[in-house]
2 protein chains.
Amino acid sequence: MLNKSLPNGLRKASLGAVTAVTVSIISITSSPVMAGTGVSWKDLQNDHKTTDDVLMYGLGLKAQRHSSLNQINSKNVGKLRPKWSFSFGDEKQRGQEGQALIHDGVIYMTASYSRMFALDAKTGKKLWQYTARLPEDIRPCCDVVNRGAAIYGDKVFMGLLDASVVALNKKTGEVVWKEKFGDHTAGYTMTGAPFIVKDKKTGKVMLIHGSSGDEFGVVGKLFARDVDTGKELWMRPFVEGHMGKLNGADSTTTGNPKAPSWPDGDYKGTGKVEAWSHGGGAPWQTATFDEETNTIVIGTGNPAPWNTWKRTGPDKDPRNWDSLYTSGQAYIEPSTGELVGFFQHTPNDAWDYSGNNEIILFEYKDPKSGKMVKAGAHADRNGFLFITDREKLAKRGVKEANKPTSLLKVWPFVPSITWAKGWDLKTGRPIVDFDQYPPEPAPGEKQGKKIQVTPNFLGGKNWNPMSYHPDTGLFYIPSNHWSEDYWTENVTYKKGAAYLGQGFRIHKQFDDHIGSLKAMDPLTGKTIWEHREKLPLWAGTLTTKGNLVFTGTSDGYVKAFNAKNGKELWSFQTGSGVVSVPVTWEMDGKQYIGIGSGYGGAVPLWGGDVADLTKPVSQGGSFWVFEIPKEVAAVESGKEVAAK
Amino acid sequence: MLNKSLPNGLRKASLGAVTAVTVSIISITSSPVMAGTGVSWKDLQNDHKTTDDVLMYGLGLKAQRHSSLNQINSKNVGKLRPKWSFSFGDEKQRGQEGQALIHDGVIYMTASYSRMFALDAKTGKKLWQYTARLPEDIRPCCDVVNRGAAIYGDKVFMGLLDASVVALNKKTGEVVWKEKFGDHTAGYTMTGAPFIVKDKKTGKVMLIHGSSGDEFGVVGKLFARDVDTGKELWMRPFVEGHMGKLNGADSTTTGNPKAPSWPDGDYKGTGKVEAWSHGGGAPWQTATFDEETNTIVIGTGNPAPWNTWKRTGPDKDPRNWDSLYTSGQAYIEPSTGELVGFFQHTPNDAWDYSGNNEIILFEYKDPKSGKMVKAGAHADRNGFLFITDREKLAKRGVKEANKPTSLLKVWPFVPSITWAKGWDLKTGRPIVDFDQYPPEPAPGEKQGKKIQVTPNFLGGKNWNPMSYHPDTGLFYIPSNHWSEDYWTENVTYKKGAAYLGQGFRIHKQFDDHIGSLKAMDPLTGKTIWEHREKLPLWAGTLTTKGNLVFTGTSDGYVKAFNAKNGKELWSFQTGSGVVSVPVTWEMDGKQYIGIGSGYGGAVPLWGGDVADLTKPVSQGGSFWVFEIPKEVAAVESGKEVAAK
């Protein structure tokens, strides 16, 4: 069904677009960064190496979430204690899912309801606060969270719940520019941290950010913006056959303009089914950047509606209708926004698995050939850990966008996955259990037959990022073991209304735990160790050279584990559930840990029986900094110790 | 003008009432306290001595707020660090003014919006939570705060913002009884901690609590209730000539039934001015109990309206119209609720100084006679520290209720007091500067001439309790140095509307500070040391045998000071302003400090220029427990230290 002539046409469009970008670079050019205060591209390139700052979501372009600091280590982490705490205030609580950035002794932390705080890293004193004025009719599917900021030059950037992105003066918090990218009454919103990328070809530094809103039937889009003005450079939609933008004009369709992976139909003269016009695929998490191949890597969201049958053709076999380019990992050329590679984690995703989770870039030595492999690692909501060849994905171009010869390894990381019996490495496709497509309602019924699916739609792992430890070669995956009852319902698109066509009730899979922090070997798929939690894990992770893994728990603890053996070495109760992402940095020769506390996110809103389990968890909203107290040294002296 | 025959009549009524109470005791009797879990009267009597619990607001019947614990002391307090924190949650923040109670390893902490939390003292785990369902039309003047609970038997007790008081099962948080004592739409409310008293005469254990609401023209009332059923035993109003209650029937008027301290008039057939019917005097803070004389001691609130001239007779001299029994300290007989003694801190209070601040009971050796004096200490909003003879006050009876031969000492504790030039110890009355009564509006004007008054109506010290240290013999007063512009306005009582008749703008008195923590000698009036804060002090204090004074600051710190010399030895930033009251206790042989954090209270609502100063302070809502980490001992070992 593929239109064989298309790729050539696309290539021509791309080339034209590149020229246009090159021209525009000359007139725009980045503003000079002020010495001593600004953040340069070089600073971002080195973020994974420098220890006195945290400049990127993911702690580096590759998002490995690893720090080379080892002052706090598995020998002394038990002595870690709070240095200060800061309350976000405003009588606003809900989920705090942010990851802090740290630069020049200032912490930039985003908080619920589209707020950002600049705090003195030494004292916790608030330097400034930005609070977006949000309209009443925003439609965040999964709580009013924000996951973090980007920083470049003299600005910090964040997404807002009203589907806009804002650049703030990092000294004052004043708005430099603000750009609305979607209709929030249609469900467009933004919760993910934006990301800075420098295009190798043009030298252009740009802000990359996506949209959220798949549950409302948006078409998911990735944007590149001029960092100085906010002007859109390009836009890439992730429903096959939808038109991209470049410098304000139509650029190319994503994939085949005829969108053969979506059924034909008669919806509003499109020649396609209704779902195609509202097909989801929103890239709502944060990109990574493969500098070597000059490629942006990002996960794409679930197709809309959830109901498979609305996206399946007359043959009634969902396996023939992939709903491209949803629920997969996309490789994007930064000059033009062209899709140059794609691997789909869940073809025709019938379970809202989405494909958004972070793709961590890493390298490993192939045990057979001895060659270094440049890989991407992605732990999907569908329960599988994918190791992909990022060079192949970046180089193959859109022609092979869904021909995943780039799949290196695939490992289940949660038990008793039901939707697929495994993976066919030759075709690169899952061996789906056909009975796991929630069946259509029988004639005259409003609901289809209930089936049980594992993992449930919140996933074997959700947004909360895993991390990599270069010393152990392991990934530390904050996973969850849980199931759901699933059934279809009829659905018709209505602007601003939920567009699911599916009902669900999440429940426990095991009596004694849901959360499972795992150390997994990406080459063997072996779980080296596992730590279980009664409540779901919804916080990100951090690894350090000190042989440590840090994360938070829904019942309020920040915890540290021995990276090698998983022993829990330290915990501190922060008073509200921890669903944010830890960072570490060095200041005046001393290492600190920083993390937000404040329960919320998707679980208490969508979690069914599990939401009930989390009801005793208090809401909150605070940022915490931990240190090993220096007063320790004065313990035995018996002298009066002043704290100043 | 006094009705000379009245006291005899009152005595008769009292005796009759005592009989009635004695009878009711037989039928009601207290429920047996469960061994090991219940709190007995003996436990409360010993609260100031026992170190493993905190059973009373004030840490004992005398409310000295002193602990004999000295494990944490001026030598090692610098090592104090958080052990855990708890978030009150519920997307409710505002001021957290509570003092925790601690019994059997459980912390009972009240929070904003009439909530109580039972927390595991070791881990911070929530055992239960009580949240009052409040009507929309409550009228708290000064934020939705709650200052604490009382505990007795198997119950904990707290006041609610809808003018009711509730008893909860201390194991489960279930409501045992709930009694409404006033019309919340008229402004009645309750924010103070109730207090347990055992009447020596009858053996009856009773819950003593007051009402709030003077700013809305309520008549302030003190209540005694049966601890098991909540049934009202007696009620005592604090506007002269108003009728009390005993066992459901009218008992006696408070003072002279003709209320000569209030002008006559023609308001609704009362024969008195309007103000008399809405005269204030609400006893909204917590009582203390003088066991030796079997007397309840409590401060009474400001007269209503604030406007002096509405409470002044045709002679236009406010000094002749005292507005009894407002703005003073009241001594109450617990069997009958009779007023047996009274000393007025601010006769005809024209400045909303109120008289509510705690009256701490203490003893000192008279330097001349060498005799032990049983005294009360009260630092009033009017800027003066009063030392009164509590034996005289309890014994004189109502006949001498406002004949303050019981005044021992009076010392100014804030600088440049303007409203009074000093105190006449012979008459027991202030030497008021007549020009400091804000003048009436000139004919045709809506406002009177603005005058400047020091201290302002929030006071040299507000509700936040001072403490006493028996070793130093000093009082530790969390005071504030500030002034106001003050002017009169016309006012007529309207149910549920503010009843002030006065306008104001609070401003700074000094450029560099407002808060001033002072160690004052009650016998000499000397300030031994002073610590200043930029923002107002609005937290209570605690002294310990470890030569320490603990308190919190509006900019978020918990602090410890050397009790002898005032040196700041330790501080920790909690992230929101601290306006609560610290406690300390011992658990498994280790000392802990507990305190709430969460900014709010009267200052940000009423504070004018000073409210603006506090705008950068974040709201919050959390409870903190501090300890000296035991990991300290393992510091140099280099061994891996597990936190469990």
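Proteins come first, then strands; the chains are lettered A, B, ... in the order of their sequence lines, and each starts at number 1.
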Beyond-backbone contact of A:Val583 with A:Gln99, side-chain heavy atoms, under 4.5 angstrom
yes
Does any heavy atom of chain B fall under 4.5 Å from the side chain of A:Lys83, the backbone, both, or neither of them?
both
Under 6.0 Å between ring centres, would you say that holds for A:Phe626 and A:Phe572?
yes
Do you know which of A:Ser622, A:Pro616, A:Gly621 has the most heavy-atom pairs with chain B at a distance under 4.5 angstrom?
A:Pro616
Begin with the C-alpha distance, continue with both residues' side-chain angles, and end with the deciding distance and a verdict on side chain to side chain contact (heavy atoms under 4.5 Å, CB included) for A:Asn70 and A:Thr544.
CA-CA 7 Å; A:Asn70 65 356; A:Thr544 73; over 6 Å; no
Name the member of B:Ala560, B:Gly575, B:Gly598 that forms the most heavy-atom pairs with chain A at distances under 4.5 Å.
B:Gly575
Check the side chains of B:Glu174 and B:Trp128 for a donor-acceptor pair under 3.5 angstrom, ignoring hydrogens and angles.
no
Please classify the contact between A:Trp624 and chain B as side chain, backbone, both or neither, with a heavy-atom cut-off of under 4.5 Å.
side chain
Just checking, is any N or O donor in the side chain of B:Gln591 or B:Thr584 under 3.5 Å from an acceptor N or O on the other one?
yes
Ring centroids only, cut at 6.0 angstrom: are A:Phe117 and A:Phe86 within range, meaning strictly under it?
yes
Of A:Arg94, A:Lys126, A:Gln93, A:Lys125, the largest count of non-hydrogen pairs under 4.5 angstrom with chain B goes to A:Gln93
Quick one: what part of A:Ser576 sits under 4.5 Å from any heavy atom of chain B, side chain, backbone, both or neither?
both
A:Phe88, part contacting chain B, at a heavy-atom distance under 4.5 Å
backbone
